[in-house]
Each structure stands twice: as structure tokens, then as C-alpha cells.
Amino acid sequence: MSTDRPAAPESVHFIRAIIDQDNRSGKWGGQVVTRFPPEPNGYLHIGHAKSICLNFGLAKEYGGRCHLRMDDTNPTKEDVEYVESIQEDVRWLGFDWGEHFYFASDYFGRMFSYAEELILKGKAYVCFQTEEEMRATRGTVTEPGTPSPWRDTAPQDNLRLFRQMCAGELPDGHCTLRAKIDMGHANMKMRDLPMVRIRHAHHHRTGDQFCVYPLYDFAHCLSDSVEGITHSICTLEFENNRELYDWFLDNLDGVHHPQQIEFARLRLSYTVMSKRKLLALVKEGQVSGWDDPRMPTIAGLRRRGVTAESIREFAERIGVAKANSTVSVELFESCIRDDLNTRAPRLLAVARPLKVTLTNWPEGQVEELDAALWPHDVPKEGSRALPFSGSLFIERDDFALTPPKGWHRLAPGGEVRLRHAYIIRCDDVVKDDSGEVVELRCSVDLDTRSGSAAADRKVKGTIHWVSAAHAVPAELRLYSRLFRVEDPDAAESYAEALNPDSLEIVRGALVEPAAATMPPDARLQFERQGYFWADPKDSRPEALVFNRIISLKDSWAKAQPAPAPAAKKPEPAKPEPVKPSALSLSPAAEALTKRLGVAPTVARVLDEDAAALAFVEAAIAEGAAPAAAANTVVNDLLPAAKGAALSTLSLNPAGLAALVNLVTKGEISSKQAKEVLAECLGGGESPAAVVKRLGLSEASRGPGSDDAGCLLAAPVLPSTKTSLRQDGSSPHHSTGRAFAAATRLLGLGRLRCSSAGAGAPARRPGARSTPAA
RNA sequence: UGGGGCGUCGACAAGUGGUAAGUCAACGGAUUUUGAUUCCGUUUACCGCAGGUUCGAAUCCUGCCGCCCCAACCA
């Protein structure tokens, strides 16, 4: 396996919190069983990936299991094609369901038995209302519905009727089995929802065995129940369904009852996610298929060259919460680049070639350069032979007849370095009859070969190139966002929302020979252009096709004036409504907020109390952190003085500084500081003395104790939690929680646990979690 | 005008009474034979609003406001 450092501690999102709580209370005996239950009626997309990573990830994290279950209760919509693609996609994402691959249709028989149980209990009835009648009698959100005429049929009659339904004696839509709950219920879902309907349809799996099929609400809770799911995680729109989920399970005898938990589904800017719209793109031919590299489907992303690792990292970075939100696609792109940066060896390729002839290069001479595959800051070794000759191609965009300001590339009379090779000067520009530049005649500075003694001469720019005689032709497919508007769902039509330039096919590109010999699944970087890989379907050794996975960031292009689409005009500065707190803050107080780094409320007090301010200043002079000193004076010392002068307190500025520094150095928490302060003010002891007497020093504490009672008292042995952590990662969360628990126990309120406080190292930027495959 | 949810920096998102993490984006700067990467720094988040409780509130209470979901024999 990889030698990467262990994953950074994940955030304890609310679902992890629920599971932690359940594990503490022993609700499920420490078991975690989740499931990912797609309906096999379409391809999985990045939104599903979030759910997959959540469900499978949680199971893995907690040593449980996650089932893959096809929610195939609607024979008219589902298909084996999708069953297969879903399995492939989940597996490709790096997850394993082991033996636990199920179909809701496996449980149809049991479900119908449960239906009979409800019928016999008078909790379900066969209803002969038409769809329209049912709709009409359901009422509205503000008015109750009216009971069905069949609502009070005797259980035995219902049982007979239901068996007729199941036996195929009744035509489609003739009747349904309904839950008998409450037609006046405030939750519309509870107004006698249908449980089973008649569909004389061929099911992709059960064939013609059944002509009745259960509906979602009835089927889903039972599928979960049968499989022993503990945490049934679904998206927010099912919140209203939870009451029904619980109702079915509560009204059946002796069934396992999982907990349904809802989270916000993923929405991504510049992306559509609904199956309907994705299907439309495919059907209308806007894309080449479900696996078109511009599609947000797993299949599309995979074909594009995006790795499973970057998708998993993305899922972790976006978090899990209950607030509807739209993640900006830049975050996803950042994950993709981040992954590819250390994965992709660097090669040279020219998309739109412009001929360059080196006038002073020895005729016919070919030099084989030894060119590193990795930049200096990627810790990987390796190089390839890169042929250099007197006849080259460079990127057309890297030459400008009249260079704009700040141009680093080639221009008439200008110099540029050829990557891994020499510095050249453009002496002549050859144009054709139409005036188009067709060739550059350049002289090469033979002393400047990369790596040679005199190579350190600096020029502004370095450009990529290929040797004409050695380059290999290739097709480049340059993909960019499918939609040009941030919220395509809000757009009036596809026509206006679609990005007409989402795919640019560049034929006649030239790649260096090494690019043709890379393993088929290798991700490459064509320097200065982007990350690519050979299209898995269309690329052949004799006809290379490279997909651009994602471009490199380009701060030069970004800084240039935008071309055609009018740049957003700056909003006329509208008068900001002045906030009340800002209004009442004097300029002097305002200055204090900046200088001391304190809240306006604190600054105001200090501004109006010269003695207090002087005290703070004195403490700062003694080495106290400004904000901490100010907050302590205002929030603690002033109230303690009860109106008297601060000098009457038995703590002087030096003492305050000492106390504050204990906190900022992480010796004690801010909560403990209160305690210490109280002691100081009471007895006149120095802060250090109090800390010593009470044994509060951080050094005397175990690193991650969960035993709150021990925390403040004495040295503790490594706790269970600590000893279980063998991965060397920081027990950040357990520490934080332990402190919180301790304070709750002692009635002290919250302790600080920040990078400056309780000794939990802050997560360094760049130290990203990399969930193991 | 019912019920169920949700509102913390431009975008995500921690935070669960002790003085607002992190990531992405943006903007500076350093290093760079990729205008990449990396590094360092910056960007006044008063926590939807208004009251209240408290020495102290994003966290508790009250009242408003806004957004999302629910009236398929879809899932």
C-alpha cells in the first residue's frame, strides 16, 4: 500500500456524531451497517459519489459494512444496463460491498407478507379510487383530505382483495393497497399513502413472477429492515418520509428498525445533476453519451481521466451537512489538479504547431536531451530522452508579432528558452501570401543548453516545443465546462446555458515521442497546457487521442483583458447601509479594534475607560498578547473590581501578562485561566504559583484522555482512545471532546481547544487527507 | 395560509455558553527552465433580523424574516 501519511482527521460531521453517540450508548451494539440504494434507471453521477463515499466510507471507518442495493421497485423504468454500470462505477470509486449485493426485488415476497400483516391489523386497505380521485381527496397542505369509501373495509375482505391483486385477477390501476393512517394528517405523506400498485409489467429481474409492485415508502424501510441496516442515510427531500418509514416499522411485529438520517445532496455550480436533464443531454445528442467526458457522471469523469482518488477527496472536502448548498466547481477542479500534480509525469506537446528553423544549428544534427519527468518539488525520479534538432515546432500562441505588455514569450527579435533545451532568438518571420506567419527563423545560443555550465543565463520565458522529425501526430480533445452559466437549472433553456466551446477537437497536434510510449492509463501533463490521458475508447497506438482532463491554472490568460464576452462591469458602488455597531463606535475605539485585535464591544469599553486601557497597555508591555489581555481586562478584571480601580486588585499588569501567556502558550486553557484568575484575585498568589498548586499544567496531562474526571486533577494514563490510535494522527477530536466533556462535568463551560490552546496541532494547509482506497 | 427542514466570510464548512477553525476562490509577495507547482502573507465573518437571559450568547429563550421540501399508483 501507499506510504503516504495517514489521512488527516476528518471533520466530525453530524452523521459521524450520531454514530459516535450510538456507539457510546450501545444502541446498535457498536455495529454500523449502511447501504447505498440506487434505482437502476440511470447512470451514477458525482452527486451519487458523495453518497457512496459517505455510506461506504462510514462503514469502513467504523468497521462495519455497506450494502449495495438496487432499489428496483418500478419495472417500467429500470434496466439491467444500469444495474451493471452502477456496480462498475461503485467499484471504480474504490468501494467493495463484498457479499452484500442486493435487490429490493429479492424481498417482494416478504414485503407482501408484511402487507398482509398490516391488513390483518386493520392498518392497510385495498382502495379502488382512481389516481385522479385519490389526488382529489387527499386534501391540500392546509385542508385535510377525505377518507376513501373503501377505508373501512373489513380486514378479511381486504386480505381477499389483496390476494386477488397479487394473483393478477385485476387490471393495472384498478386498485391499490393503502396504508390506513390519517387523512387529516399535517404531513401529507401520512394521508393513507399507497403501498402496493398493480403493474402487469416485465421486471428486469423477477420477470413475470409479480404483477404487483411495492412503492418506495413501503419497500424502502422494509429493505433496510431485512438487511439489518443501522443507519439509513438519504437526502433531505425524504425528511417528510421519515415519519412514514417509522410508521411501517412500528406497526409490524418484531422487525428491525433502522434510523433514517437525511443530509443535503450535492449541487455543483456549472453542472446539472438531475437524471432527467442528463438523459436529455444524451438523447438530444448534446453529448456523445453517458460517458461523454463533459458529463458529471462517474462514467464521464472516468473517461475524462479524473481519478477515483480525487473524487473521494472532493467528497471529504465538501463535508456533510443539512443545509442546501451549491459547491463551486472550482473546489472539484482543485481536487483534480491536486491529485494530478503529483501523479502525472511532465511531457511536451504542441497543440497548434508553428514551424521554427534554427539557422545556426548544424545541418542534420540530432541531440538527445535527458529531460526530467518531474518538476523539482514532486519527489519522484525519472527522465526520458527528448530529441532536439534544427527543425522544430512551437505553440502558435507562444509567438506574437506585436507582443502585449508583460509578454514573456517569443516575439520578433526576442529571446525565449526552449524547455529542457536552448535559448533561441527570433531573427526572421516568414509569412505566406495572405500575411499569415508560417515560419520563424531563429538562432540558437549553443552555450545555453539546460544543465550545461553556461545555462544559467536568464530569459523571461520558457516555452514548449517538439522536434519536427521526431514528433508524433495526435488528436487533442480539449474539454471545458459543459455549461457556461453558474446555475444551468435556473436557465430558460439549454441553448442559452450550454457552453458552445465545451469541446474543442485539435487535430494535427504533435506530441514528443515519449508520449506515445506511456502506459495506456497514465495521466500526463503536457507542460503549460494541462493534464491529459489517452482516451480509453478512441486512442490507438497509430492514432493517438488525448483527452484534456483539466487545464493548468493560467494567471497570464486571466490577467489579460477578456476577449469576446463582455467583462462584468463593476457594480456601481452602492451606499452600504451603516451597521448600528459601526455607527456607535468612535474613531478611537475603531482604532483599538485594529490595534488590539478585539471585538468592537471590548474596544468601546477600553476607549471609555482610560485606566483599564492603561492596564491593558501595561500588560502588553510585560509581554501579554494584546487581544487576550484586553478581553481579560474587560470581561474579567473590570467585573471583578466591581467599580473600584483596577489597581486595588491583587493582580498587577505583569501578573495578567503571565496569566495570559500561560493560555497563549497552551499551558492552560482559557477556562482554567478563569479559575486561576479567581485564585489570584482571592489570595494574591501569582498565576504560575496557582497553576503549580492546582496541577493544571498541560504537561501533566495525557494527550487524549476521554476520562473527563481525570483531566484537571492528575496525570493520566493513556486512555483507550489514545492507545487505539496507532496511526500517528493527532487525536484532535477526542481531545476536544474530552475537554468539553470535562467542562460539562465540572460545570465550567467550554474550554478552548485551538492550535494556540490545548495543544492540538492545526491541520497544515497542503496536508490533505487521502482516504485509502 | 398546514407540516417538516435550513440560515456562520464570495463558495463549502467547523463550532453544542468563554471571546469565530480549515478548505476553495480572490488579492499581494518569494522561489521557479511549466505565467504551473510550492511557500509566505492579505482579505474588518459582530454568526438572517430584533429583543431577552447571562459577568459573558453563533451557541439558551421569545418574536420576526428568508430559502428548501411535501398534495406521483416515481425514487
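Reckoned from all heavy atoms, side chains included, excluding hydrogens, waters and symmetry mates. In what follows, chains carry the letters A, B, and so on, assigned in the order in which the sequence lines appear, proteins first and then strands, with residues in each chain numbered from 1.
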Counting distance alone, no hydrogens or angles: does the base of U34(B) have a donor or acceptor under 3.5 Å from a partner atom on the side chain of Arg346(A)? yes

With heavy atoms under 4.0 Å as the rule, sort Val320(A) into base, sugar-phosphate or nothing. sugar-phosphate

Any idea which of G3(B), G7(B), G5(B) is nearest the Ala186(A) side chain? G3(B)

Thr140(A) side chain: which of U38(B), A75(B), A71(B) is closest? A71(B)

Using a heavy-atom cut-off of under 4.0 Å over every strand shown, decide if Gly451(A) touches base, sugar-phosphate, or nothing. base

Criterion side chain to side chain donor-acceptor pair (under 3.5 Å) against Arg528(A), the qualifying member of Thr462(A), Asp398(A), Asp397(A), Asp554(A): Asp398(A)

Would you confirm whether Ser269(A), through its side chain, and Val329(A), through its main-chain N or O, come within 3.5 Å as a donor-acceptor pair? yes

Looking at Arg242(A) and Glu262(A), does any basic side-chain N land under 4.0 Å from a carboxylate oxygen? yes

Under 4.0 Å between a side-chain N/O of Arg197(A) and OP1 or OP2 of A75(B), yes or no? yes

Given G3(B), is OP1 or OP2 found less than 4.0 Å from the side-chain N or O atoms of Thr142(A)? no

Does a distance-only test, which skips hydrogens and angles, find a donor-acceptor pair under 3.5 Å between the side chain of Asn74(A) and the base of C74(B)? no

Taking the minimum atom-to-atom distance to the side chain of Lys553(A), which one of C12(B), A36(B), C73(B) wins? A36(B)

Any side-chain donor-acceptor pair under 3.5 Å between Arg267(A) and Ser325(A)? no

For Ser325(A), which contact category applies under a 4.0 Å heavy-atom criterion: base, sugar-phosphate, or nothing? sugar-phosphate

G35(B) base to Arg409(A) side chain: any donor-acceptor pair below 3.5 Å? yes

Looking across every strand, which nucleic acid part, if any, lies under 4.0 Å from Thr326(A) by heavy atom: base, sugar-phosphate, or nothing? sugar-phosphate

Looking for any heavy atom pair under 4.0 Å, which part of the strands does Arg135(A) touch: base, sugar-phosphate only, or nothing? sugar-phosphate

Quick check for you: among U38(B), A36(B), A75(B), whose closest atom lies nearest to any side-chain atom of Asp71(A)? A75(B)

Of A71(B), C74(B), A13(B), the nucleotide closest to the side chain of Glu39(A) is C74(B)

With the stacking rule set at 5.5 Å and 30°, tell me whether His408(A) counts as stacking on G35(B). yes

Ranking G2(B), U34(B), C73(B) by distance to the side chain of Val141(A), first place goes to G2(B)

Could you tell me the Watson-Crick or G-U partner of U1(B), where both distances fall under 3.5 Å? Say none if there is no partner. none

Establish, with yes or no, whether the OP1 or OP2 oxygen of G5(B) is under 4.0 angstrom from a side-chain nitrogen or oxygen of Arg265(A). no

From A14(B), C73(B), C27(B), pick the nucleotide closest to the side chain of Lys558(A)? C27(B)

Syn/anti label of A71(B) as read from its glycosidic torsion, with the cut at 90° from 0: anti

So which one's nearest nucleotide on RNA chain B is more toward 5', Leu236(A) or Pro38(A)? Leu236(A)

Would you give the length of the straight line joining atom CH2 of Trp150(A) to atom OH of Tyr125(A), rounded to the nearest 0.5 angstrom? 10.0 Å

Please determine whether a side-chain nitrogen or oxygen atom of Arg199(A) lies at a distance below 4.0 Å from atom OP1 or OP2 of C74(B). yes

Selected nucleotide, minimal atom distance to Ser328(A) side chain, candidates A11(B), C6(B), A71(B): A11(B)

With hydrogens left out and only the distance checked, is there a donor-acceptor pair under 3.5 Å joining Asn324(A)'s side chain and the base of G5(B)? no

C74(B) phosphate, OP1 or OP2, under 4.0 Å from Lys275(A) side-chain N/O: no

Which is true for Ser269(A) with a 4.0 Å heavy-atom rule: it touches a base, it touches only sugar-phosphate, or it touches nothing? nothing

Closest approach to the side chain of Val327(A), judged atom by atom: which nucleotide of G35(B), C12(B), A71(B) is it? C12(B)

Exactly one candidate in Arg457(A), Arg409(A), Lys460(A) meets salt bridge (charged side-chain N to carboxylate O under 4.0 Å, His left out) with Glu415(A); the answer is Arg457(A)

Quick check on C69(B): is either OP1 or OP2 less than 4.0 Å from any side-chain nitrogen or oxygen of Lys189(A)? no

For Gln129(A), report the nucleic acid contact type (base, sugar-phosphate, nothing); a contact means any heavy atom under 4.0 Å. base

Could you check whether Gly145(A) gets within reach of a base, just the sugar-phosphate, or nothing at all, counting any heavy atom under 4.0 Å? nothing

Checking all strands, does Phe238(A) fall into the base, sugar-phosphate, or nothing category for heavy-atom contacts under 4.0 angstrom? base

Base, sugar-phosphate or nothing for His420(A)? Non-hydrogen atoms, less than 4.0 Å. base

Categorize Leu552(A) for me: base, sugar-phosphate, or nothing, with a 4.0 angstrom heavy-atom threshold over every strand shown. base

Should the side chain of Gln529(A) and the base of U34(B) be counted as holding a donor-acceptor pair, with the cut-off at 3.5 Å? no

Quick test of the criterion, 5.5 Å between centres and less than 30° between planes. Is Trp556(A) stacked on G35(B) or not? yes

Exercise: do Asp71(A) and Tyr216(A) side chains pair donor with acceptor under 3.5 Å: no

So what's C6(B) paired with, Watson-Crick or G-U wobble, going by both distances under 3.5 Å? G66(B)

Indicate, with a heavy-atom threshold strictly under 4.0 Å, whether Trp374(A) touches base, sugar-phosphate, or nothing. nothing

For a quick check of understanding: with a heavy-atom distance under 4.0 Å over all strands, which category does Pro375(A) fall into, base, sugar-phosphate or nothing? base

Is Lys275(A) paired with Glu78(A) through a side-chain N to carboxylate O contact shorter than 4.0 Å? no

